[in-house]
Asker: 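Here's a structure for you.
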Amino acid sequence: MVKNLPFDQTILEHLRSIASEGVKNAAYGFSGMIGRKVRVGQTKGRFVPILTLPEIVGRPEEEAVGIYLRFEGDMVGQMMMIIPHQKAMELVDLLLDIPAGTTQHLGPMERSSLGELGNLCGSFFLNSIADSFGADFRPSPPAVVVDMVGAILDIVVATSGGVSEQILLVEANFTDGDRCVEADFWVIPDMNTVHDLLEKSAGR
Amino acid sequence: MKEPISVGLGEHAISHDPEDILVAYGLGSCIGVAMIDPVSKVSGLLHAVLPRAKDGYQNGEKNASKFAESGIECLIAALIKERAIRTRLVVHLVGGANILLSSGMTHSFDIGTRNVEAAYATLNRLKIPVSTAEVGGHLGRTVRVYVADSRVTVRVAGEKEHEI
C-alpha cells in the first residue's frame, strides 16, 4: 500500500546533501580499487521529476554504461551509476592498469570490472547515507547494462512505478592525474521508507 | 530540414506535416505504438511507460499516455479527430524489451513483456490488427515514423536504422 505523502522539501534537501557526501565516499572506494588517489570534482545534486530526466540527461539514443543496484533494509530504493560509453572504456583502462586507449569494446571481463567498480562505489555511497541515518542498507549485486541512455533510464522509471516520482540526480566527476571520468548517480528512494527512517532516527 | 519531433516518456504526438518525423528514442521496457492512416496521411506515435493505470502512479488518470492501455485509446481518439478512419489504421509495435535480464538480474519485474501484452490486449479488444511488431529481447530501440511516406524504422544501439 502506497501512502499518500506530502512532498517534503526538507527531507529531499537532507538527502541531497548526504548524497554529495556519498559521492566523496565513493571516490575513496574507487581510490582503494585502483591503488591511487582519485579526486572528486564539484558534485551537483538535485531532485528532479523522474519523467523529465531524459531532457536533463539529453541524447537518449547515445550509448552509455549503467551500473544498477537495488538496496533494501531500513531504506528501500534503487540506484544507477551512468557513465558515457567512451568514458567507460577509458575507465576500464584505468581499472586494469593498462595504457589509455587500449580498451575498444566492453566484453565480459570489461563489464565485470565495471560491475566491481559499481559495486564498490555504490556500497561506499550507500554506506555513507546509511551512517548519517544510523541505518542499515543491503545493496544487491550490481548489474551492468550497455545500451542507449533512454533504455537504461526505462529500468528505473518502470521499476519505480507507483512508488516514487522524484529522482535524486547527482552529477560527479572523478579525476586521476589528467584523466577524468564523469558519472551520474541516479538515486530513487522509496519515499515511504525515507519517512519511516526519519521518524525512527528522530525518535532515537 | 525540420528537427524530428521527440516523443518523450508518457507522451504521444500526431502529425499531418510530410516534413515531420516522430521519434521515440531509446525505448527499453517502454513500448512505442505507431499508428498511421495511409489515406488521410496522418501519423501518431505513443511512448507508454507502464501497462495499465492501476499498475502504479497515483495520479495515473491525469496522464493517459503513460500507460499502454489508456495511451492507445487516447492515440486512436486523437487520430480520429484528425480525420483518420479507424479501420484504415496501420499499427506497429516497438520496444517492450527486458534490458536487465541480459545482465543476470533475476528479480526484474519484466515490465517490458507486460507492456507488450497490454498493447496487444487493448488492440485486440478494439479489433485493430497489428501490422508489424519488433518487441521483446534485451536491447533498447529507437523508433521513427516518417509522416511523408508512412515509413516506420527501428534502430538498435550500435546498428543501422532499418524499416519494419
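These numbers were taken from a predicted model, which means no experiment stands behind them. The figures that follow rest on heavy atoms only: side chains count, while hydrogens, waters and symmetry mates do not. Proteins come first, then strands; the chains are lettered A, B, ... in the order of their sequence lines, and each starts at number 1.
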Asker: Any sub-3.5 Å donor-acceptor pair from D147(A)'s side-chain atoms to L139(B)'s backbone N or O?
Answerer: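 No; judged by distance alone, with no hydrogens or angles, the pair does not exist.
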Asker: Using every non-hydrogen atom in the two residues, find where A158(A) and I111(B) come nearest and quote the distance to one decimal.
Answerer: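 Smallest interatomic distance, heavy atoms only, reads CB-CG1, 3.7 Å.
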Asker: Could you look at V156(B) and say if it's the side chain, the backbone, both or neither that has a heavy atom under 4.5 Å from chain A?
Answerer: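 It is the backbone, since no side chain atom gets that close.
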Asker: With a 6.0 Å cut-off (strictly less than), is the heavy-atom count around NZ of K160(B), excluding the residue itself, greater than 12?
Answerer: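 Count not over threshold, so no.
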Asker: Could you state the interatomic distance from CZ (R155(B)) to CE (M148(A)), rounded to the nearest 0.5 Å?
Answerer: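 If we round to the nearest 0.5 Å, R155(B):CZ and M148(A):CE are 4.5 Å apart.
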Asker: Picking from G8(B), S6(B), G140(B), which has the most non-hydrogen pairs under 4.5 angstrom with chain A?
Answerer: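 Ranked by contacts with chain A, first place is G140(B).
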Asker: Kindly indicate, with the supporting measurements, whether the criterion side-chain contact (heavy atoms from CB on, under 4.5 Å) is fulfilled by I99(B) and I152(A).
Answerer: CA-CA 7 Å; I99(B) 308 289; I152(A) 295 173; 5.5 Å; no
Asker: Which heavy-atom pair separates D154(A) from S29(B) by the least distance, and what is that distance?
Answerer: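 Reported closest heavy-atom pair: OD2-N, 3.2 Å.
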Asker: Salt bridge or not for R144(B) and E61(A), using N-O below 4.0 Å?
Answerer: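 So R144(B) pairs with E61(A) through a salt bridge.
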Asker: Just wondering, more than 12 heavy atoms not from E3(B) lying within 6.0 Å of its CD?
Answerer: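 Counting other residues, nucleotides and ligands, CD of E3(B) stays at 12 neighbours or fewer.
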Asker: Taking side chain as everything from C-beta outward and backbone as N, CA, C, O, which of these in L153(A) sits under 4.5 Å from a heavy atom of chain B? Side chain, backbone, both or neither.
Answerer: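 Contact with chain B involves the side chain of L153(A) alone.
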